[in-house]
Amino acid sequence: MPPSFYNSRMSVEQARKRIDELREEIRHHEYQYHVLDAPEISDAAYDALMRELLALEGEHPQLVTPDSPTQRVGGKPKEGFAKVEHSRPMLSLDNVNSEEELSEWIQRVHTLLGGAEPSFVCELKLDGVSLALHYAAGKDGGALLSRAVTRGDGEVGEDVTTNVRTMRSVPLSISPQGLKRAHLPQNFEVRGEAVMPVKAF
């Protein structure tokens with residue numbers, strides 16, 4: 001049985017509008033919870049939004065899109081991963097073990113920049129899984145997550161797109177406005193480290 005809020009007499013256009021509203025609201029709360037660690041609603045309220053979206057998409061499957069929050073769940077993990085060649089080598093970071101080695105590294109940076117003054121950011125090193133996330137142009141002028149690849153040997157990694165799509169801190173799509181704010185084209189690649197905090201257990 002559909003949830004009590006469900007209206008079977010809703011037209012396709014009414015359903016499309018409500019689906020868009022729900023997706024935007026759910027994405028907002030996923031970002032607040034999984035990225036900012038500042039939830040604004042209870043788990044029960046979030047689940048109610050997701051159930052409503054699932055019900056509407058179930059009634060109107062033609063309105064389901066790859067970047068819908070409902071598409072994060074239910075996918076069967078791949079048994080064995082396809083090998084994917086990186087767009088360019090995915091290198092690991094070098095270590096320094098003394099102040100002298102750090103000074104030498106800073107000097108190399110200055111040389112590579114042609115004498116320009118660099119700025120530095122220091123943060124804790126978290127050991128996780130290195131990933132390359134590929135985004136491709138979407139129909140609306142935004143970008144969609146198209147592939148996620150592990151570091152592997154640096155030249156060839158493994159396709160873990162299905163697994164990464166379940167990570168709520170990874171956006172399935174980037175709006176045209178988001179691309180503009182970040183000065184990104186529709187097709188781009190971002191690399192980083194996927195970690196699981198202790199509290200996630």
Side-chain angles (χ1 to χ4, degrees), residues 1-82 84 87 131-149 158-192 194 200:
M1 288 291 292
S4 59
F5 52 72
Y6 178 70
N7 180 1
S8 61
R9 292 172 294 183
M10 187 178 290
S11 71
V12 174
E13 283 310 309
Q14 288 174 323
R16 187 191 307 275
K17 181 179 179 182
R18 180 57 181 157
I19 284 172
D20 288 343
E21 291 172 350
L22 286 166
R23 288 174 180 166
E24 184 176 348
E25 188 172 358
I26 288 170
R27 289 181 187 124
H28 168 78
H29 290 302
E30 286 181 341
Y31 184 80
Q32 289 295 127
Y33 184 91
H34 295 284
V35 178
L36 301 183
D37 195 24
E40 295 177 343
I41 61 174
S42 67
D43 289 350
Y46 173 88
D47 291 342
L49 294 172
M50 186 65 80
R51 285 196 303 272
E52 183 179 357
L53 179 57
L54 284 165
L56 285 171
E57 288 185 347
E59 181 66 21
H60 302 279
Q62 74 276 20
L63 300 181
V64 177
T65 58
D67 64 327
S68 174
T70 62
Q71 301 307 295
R72 290 189 184 277
V73 296
K76 184 178 180 181
K78 294 181 180 179
E79 295 181 7
F81 299 99
V84 179
S87 57
L131 293 174
L133 305 182
H134 296 258
Y135 286 82
K139 293 181 180 179
D140 64 349
L144 298 174
L145 176 66
S146 60
R147 175 173 281 177
V149 186
E158 295 179 319
D159 187 330
V160 291
T161 309
T162 303
N163 306 70
V164 169
R165 287 176 68 86
T166 69
M167 298 165 59
R168 298 188 186 278
S169 58
V170 174
L172 299 180
S173 64
I174 309 292
S175 68
Q177 297 78 15
L179 292 176
K180 185 176 181 179
R181 284 195 301 270
H183 305 289
L184 288 171
Q186 284 185 277
N187 296 282
F188 67 94
E189 176 183 351
V190 59
R191 294 177 173 184

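Position 1 is the first residue of the sequence; numbering continues from there.
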| Given Arg18 and Glu52, is the side chain to side chain contact (heavy atoms under 4.5 Å, CB included) satisfied, shown in steps? | CA-CA 9 Å; Arg18 180 57 181 157; Glu52 183 179 357; 2.8 Å; yes
Counting N and O atoms only, with roles assigned by atom type, does the side chain of [X] sit under 3.5 Å from a partner on the main chain of [Y], one being a donor and the other an acceptor?
| X | Y | value |
| --- | --- | --- |
| Thr161 | Ala148 | yes |
| Ser175 | Gly142 | no |
| Gln32 | Ala38 | yes |
| Asp159 | Phe81 | no |
| Glu158 | Val149 | no |

| Of all residues at least two apart in sequence or in a different chain, which pass the side chain to side chain contact (heavy atoms under 4.5 Å, CB included) check with Glu25? |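 With sequence neighbours excluded, Glu25 shows a side chain to side chain contact (heavy atoms under 4.5 Å, CB included) to His29, Leu49, given in chain and number order.
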Taking atom [atom1] of [X] and atom [atom2] of [Y], what is their separation to the nearest 0.5 Å?
| X | Y | atom1 | atom2 | answer |
| --- | --- | --- | --- | --- |
| Arg168 | Tyr46 | CZ | OH | 3.5 Å |
| Gln71 | Glu57 | CD | CD | 6.0 Å |
| Arg51 | Thr70 | CZ | OG1 | 14.5 Å |
| His60 | Gln14 | NE2 | CD | 9.0 Å |
| Glu21 | Leu56 | CD | CG | 10.5 Å |
| Leu179 | Ser173 | CG | OG | 9.5 Å |

| query | Under the side chain to side chain donor-acceptor pair (under 3.5 Å) test, which residues partner Ser87, sequence neighbours left out? | reply |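 Scan of Ser87 (side chain to side chain donor-acceptor pair (under 3.5 Å), adjacent residues dropped) gives Glu189.
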| query | Taking all non-hydrogen atoms of both residues, which atom of Ala194 and which atom of Met167 are closest, and how far apart? | reply |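 The pair with the smallest heavy-atom distance is CB-CE, 3.9 Å.
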| field | Closest non-hydrogen atom pair between Leu53 and Ser68, with its separation | value |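 Minimum heavy-atom separation between Leu53 and Ser68: CD2-OG, 3.9 Å.
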| task | Apply salt bridge (Lys or Arg N to Asp or Glu O under 4.0 Å) to Arg27 and Glu30, showing your working. | result | CA-CA 5 Å; Arg27 289 181 187 124; Glu30 286 181 341; over 6 Å; no
Close side-chain approach of [X] and [Y], heavy atoms under 4.5 Å:
| X | Y | value |
| --- | --- | --- |
| Asp67 | Leu145 | no |
| Leu131 | Val164 | yes |
| Met10 | Glu59 | no |
| Arg191 | Leu133 | no |

| message | For Phe188, give me all partners under ring pair (Phe, Tyr, Trp, His ring centres under 6.0 Å), at least two apart in sequence or on another chain. | response |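 Partners of Phe188 under the ring pair (Phe, Tyr, Trp, His ring centres under 6.0 Å) test: Tyr135.
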| Can Thr65 and Arg23 be counted as having a side-chain donor-acceptor contact under 3.5 angstrom? |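 Thr65 vs Arg23: donor-acceptor pair found between side chains.
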